[in-house]
Asker: 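Once you've had a glance at the structure underneath, I'll fire off some questions.
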Amino acid sequence: MRASRGSQAPARCGSRRPAASPSRTCATSPRRASTSCPWARSRTRARSWTSGSTWPDPPSPHPFRTVGRATRGAEPAHRPSAAECRRSDRAQLTGTVPRSTPRRIFTVTEQTAAPAPADPATATDDVPEQMRVRREKRDRLIADGRGAYPVTVPKTHEIADVKAQYAHLEDGEETQDVVGVAGRVVFIRNTGKLCFASIQDGAGERLQIMLSLAEVGEESLASFKADVDLGDHLFAQGRAIKSRRGEVSVFASDWAVAAKALRPLPTLHKDLAEDTRVRQRYVDLIARPLARETARNRATMMRSLRDSLHSRGFIEVETPMLQTQPGGAAARPFITHMNAYDIDLYMRIAPELFLKRAAVGGIEKVFEINRNFRNEGADSSHSPEFSMLEAYEAYGDYTTIGRLTQDLVQGAAQDVFGTQVVTLADGTEYDLGGEWANITMYGSLSEAIGEEITPETSVAYLQQLCDRFEVSVDPKRVNHGKLIEELWEHHVGDTLTAPTFVRDFPVETSPLTRDHRSIDGVVEKWDLYVRGFELATGYSELVDPVIQRERFEQQARMAAQGDDEAMRLDEDFLTAMEYAMPPSGGMGMGIDRLLMALTGLGIRETILFPLVKPTDD
RNA sequence: GGGCCUCUAGCUCAGUCGGUAGAGCAGCGGACUUUUAAUCCGUAGGUCGUGGGUUCGAGCCCCACGGGGCCCA
């Protein structure tokens, strides 16, 4: 659907362009993923020598079990991580975390790891001092047998759980409850015989660890001071207490570096520079709460969309991303090559033509959320790869699909933020609630320029208007619809702030949309504008295969005139349509743009790992 | 495509009139058993995006290129 518009920036893909999410569904259920996913397969194989031919139990709440199992297997080669893993014999026997506190939780049972040899390529003088120092600390931890990258640590509690469970303690009150916690060190304060460290988990929850000379002993405390840095993953086991200053803390009886960081953390009190945030999102996620929040909000939003669609009986499908012929939108595709068949393939610019094939086949309420690729510019609202939701509803039309779209967006706002009045990044509020405005393209344009413009208005006159208002149009694409669209964007598009459906577009702009049921020259299409940009588009789908063929032929003529975004005739798609697709409403919505609409962030903030131009060194 | 801004220590940034480069954080050494961006003493750290040019002398002026941002088309 949303394809044909050939206008400028927003029009290009406007509606259908969102962002990205790494596709790794197979990673979440390793036991089931052995057949179709090569990644999972290789993982299974790699593991099988330690634990037999089947997968171990689901991730054990008692990491020691895993340790025991892992260390029983013969290490095939030098594997420092296994050798470094220390474990408690007692815990291994019982499979539980000891309640009484052993002096040393970990004892090295195998010391096969040779002290890491200095790597001449990296341990030389031209690495920054801080990296050299941290590498030396890593080497020392390994040489001492403490380990810098143990296989596992006996973590028993999440940080948030400890904080909640012991929040009631009085200042300075101590318990005898022993917990094991882990997180990244984000603060260290050393007052001599007592050290404080704050560890942070992936959600940004922080917990204070206290290490005293009396509790851990001189050697352990000295090692902590010497070898633990900001940025390291730290495990600590000890009693849950509340400090004299009222902070829930773990009073460590033992600790371990869970993973040594070789690079220093950036200053946590200042945001990273914009460019660094995007290029090193992993650092951004550690350092900036909004980055963490956005990644989680995106996940909530995706789940909300899927839940809303599933609850309405829609079925999610996946359609080809590698296509022999790009279609479903007016956009330039990426081209790639398939060696086996020695043919060029196109990365899809839209899923539309395949979703309609699915509708022909009887998947009548169907949707897909996935990536599209458009070989066009990249700026603050366009990414070359973006995620889009497309949905088709048999026996619906552009009105019912508009209602669905409003419900989806409002539901997402509700699920992510608990309200339909969202607070944007700049602090302003934006109201997505209520019934959204409906205007028509010709009506709103006529009103804006003060004279009646209709589908009958001549191209010559529209060209005059464009000249008068200094609206430039690519000469290769001049036609009634294109001129209307450009004039409309110039006069009306920029003025829309509240959520607004703009309905009834010129036929030339929408080759996959059916003619209006009562108005000649326009098609049943809307664009949804939110905060001034195009968020979604919806159609009463064109299902007459004869008219569809004519529209394609018209597009082919536009292509012959030099319009490189014109659609190409897709014979197999027409064949499918000749089996008859039920009357349907369809919509496409940019997922990245939806998150932008909900948060006020730029597209590079809503995409976890946006494409960035490589630096030149 | 056009205009403007920007690139300096691991990070965030200052750097005046062209005169051999600074701060905070983090790092290193030391002190400190309740800190919260701890504090105190000491200390190390630089291809100033890259390449040219002007100049006795360039982080600074000029040109080109590269990365990023903003605004326009």
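Chain A is the first sequence line, chain B the second, and so forth, proteins listed ahead of strands; every chain is numbered from 1.
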Asker: Counting side-chain heavy atoms from C-beta on, which of B:A38, B:G67, B:G27 comes nearest to A:Thr191?
Answerer: B:A38

Asker: So which nucleotide from B:G10, B:A38, B:U33 ends up closest to the side chain of A:Phe187?
Answerer: B:A38

Asker: Please determine if A:Asp177 and A:Arg239 form a salt bridge, counting it only when a charged side-chain N lies under 4.0 Å from a carboxylate O.
Answerer: no

Asker: From the options B:G10, B:G69, B:U36, select the nucleotide whose nearest atom is closest to the side chain of A:Glu274.
Answerer: B:G69

Asker: Taking only Lys NZ, Arg NE, NH1 and NH2, and the carboxylate oxygens of Asp or Glu, determine whether A:Asp229 and A:Lys137 approach each other closer than 4.0 Å.
Answerer: yes

Asker: Can you tell me if the side-chain N/O atoms of A:Arg604 get under 4.0 Å from OP1 or OP2 in B:G69?
Answerer: yes

Asker: Once you apply the 3.5 Å cut-off to both distances, tell me the Watson-Crick or G-U wobble partner of B:U12, or none.
Answerer: B:A23

Asker: Distance only, no hydrogens: is a donor on one side chain within 3.5 Å (strictly under) of an acceptor on the other, for A:Thr537 and A:Trp526?
Answerer: no

Asker: Under 4.0 angstrom, heavy atoms only, what part of the nucleic acid is A:Ala287 near: base, sugar-phosphate, or nothing?
Answerer: nothing

Asker: Taking 4.0 Å as the cut-off, does a side-chain nitrogen or oxygen of A:Lys225 come that near to OP1 or OP2 on B:C32?
Answerer: no

Asker: Side chain of A:Asp229 only, heavy atoms from C-beta on: which candidate in B:U36, B:C11, B:G27 is closest?
Answerer: B:G27

Asker: Can you tell me the Watson-Crick or wobble partner of B:C61, both distances under 3.5 angstrom?
Answerer: B:G53

Asker: Roughly how far apart, to the nearest Å, are B:U33 and B:G24 at atom P?
Answerer: 26 Å

Asker: Would you classify A:Lys242 as touching base, sugar-phosphate or nothing, given that sugar-phosphate means primed atoms plus P, OP1 and OP2, and contacts are heavy atoms under 4.0 Å?
Answerer: nothing

Asker: Considering only atom C1', compute the distance from B:C63 to B:C25 and round it to an integer number of Å.
Answerer: 38 Å

Asker: Among B:C11, B:C32, B:U34, which is the nearest nucleotide to the side chain of A:Leu272?
Answerer: B:C11

Asker: What's the closest nucleotide to the side chain of A:Val133 if the choices are B:C28, B:U33, B:U12?
Answerer: B:C28

Asker: Applying a 4.0 Å non-hydrogen cut-off, can you work out what A:Asp271 is touching in the nucleic acid: base, sugar-phosphate, or nothing?
Answerer: sugar-phosphate

Asker: Under 3.5 Å, which N/O atoms of the protein pair with N/O atoms of nucleotides 21-24 of chain B?
Answerer:
none

Asker: If you assign each of A:Thr276 and A:Lys193 to its closest nucleotide in RNA chain B, which residue comes earlier from the 5' end?
Answerer: A:Thr276

Asker: Look at the side chain of A:Arg244 and decide which nucleotide, out of B:C25, B:U34, B:G68, has an atom nearest to it.
Answerer: B:U34

Asker: Just checking A:Arg206: base, sugar-phosphate only, or nothing, at a heavy-atom cut-off of under 4.0 Å?
Answerer: nothing

Asker: Examine A:Arg348 relative to A:Phe334 and say whether NZ or CZ is less than 6.0 Å from the centre of the six-membered ring and inside a 45° cone about the ring axis.
Answerer: no

Asker: Looking at every heavy atom in both A:Pro506 and A:Val523, which two are closest together, and how far apart are they?
Answerer: O-CG2, 4.1 Å

Asker: Check every strand shown and say whether A:Met210 touches a base, only sugar-phosphate, or nothing at a heavy-atom separation below 4.0 Å.
Answerer: base

Asker: Rounding to the closest angstrom, what is the interatomic distance between B:C71 and B:C65 at atom P?
Answerer: 24 Å

Asker: When all nucleic acid strands are considered with a 4.0 Å heavy-atom cut-off, which category describes A:Phe196: base, sugar-phosphate, or nothing?
Answerer: base

Asker: I'd like to know if A:Glu158 and A:Lys155 make a salt bridge, using a cut-off of under 4.0 Å between side-chain N and carboxylate O.
Answerer: yes

Asker: If you assign A:Asn190 and A:Gln130 each to the RNA chain B nucleotide with the nearest heavy atom, which residue ends up on the more 5' nucleotide?
Answerer: A:Gln130

Asker: Which whole-number value in Å describes the distance from A:Leu230 CG to B:U36 P?
Answerer: 15 Å

Asker: B:G1 pairs with which nucleotide, Watson-Crick or G-U wobble, both distances below 3.5 Å?
Answerer: B:C72

Asker: Between C1' on B:U34 and CD on A:Glu247, what's the gap in Å once rounded to a whole number?
Answerer: 11 Å

Asker: Is any side-chain heavy atom of A:Tyr442 closer than 4.5 Å to one of A:Ile484?
Answerer: yes

Asker: Can you tell me which nucleotide in B:A37, B:G10, B:U36 comes closest to the side chain of A:His269?
Answerer: B:A37

Asker: Would you please confirm or rule out a distance under 4.0 Å between OP1 or OP2 of B:A37 and any side-chain N or O of A:Ser198?
Answerer: no

Asker: Answer yes if the side chains of A:Arg189 and A:Gln208 hold a donor-acceptor pair under 3.5 Å, and no otherwise.
Answerer: yes

Asker: Hey, could you give me each pair passing salt bridge (Lys or Arg N to Asp or Glu O under 4.0 Å) that has a residue in residues 598-614 of chain A? Not counting sequence neighbours.
Answerer: A:Arg277-A:Glu605, A:Arg281-A:Glu605, A:Arg288-A:Glu605

Asker: Just to be sure I understand the rule, does A:Ser249 reach a base, reach only the sugar-phosphate, or reach nothing, if contact means heavy atoms closer than 4.0 Å?
Answerer: nothing

Asker: Which nucleotide in the list B:U12, B:U33, B:G67 gets nearest to the side chain of A:Ser212?
Answerer: B:U33

Asker: Taking the same atom, P, in B:C70 and in B:C62, what whole-Å distance lies between them?
Answerer: 25 Å

Asker: B:G27, B:U33, B:G67: which one has an atom nearest the side-chain heavy atoms of A:Lys137?
Answerer: B:G27

Asker: Rounded to the nearest angstrom, tell me the gap between atom CD1 in A:Ile188 and atom C1' in B:U34.
Answerer: 17 Å

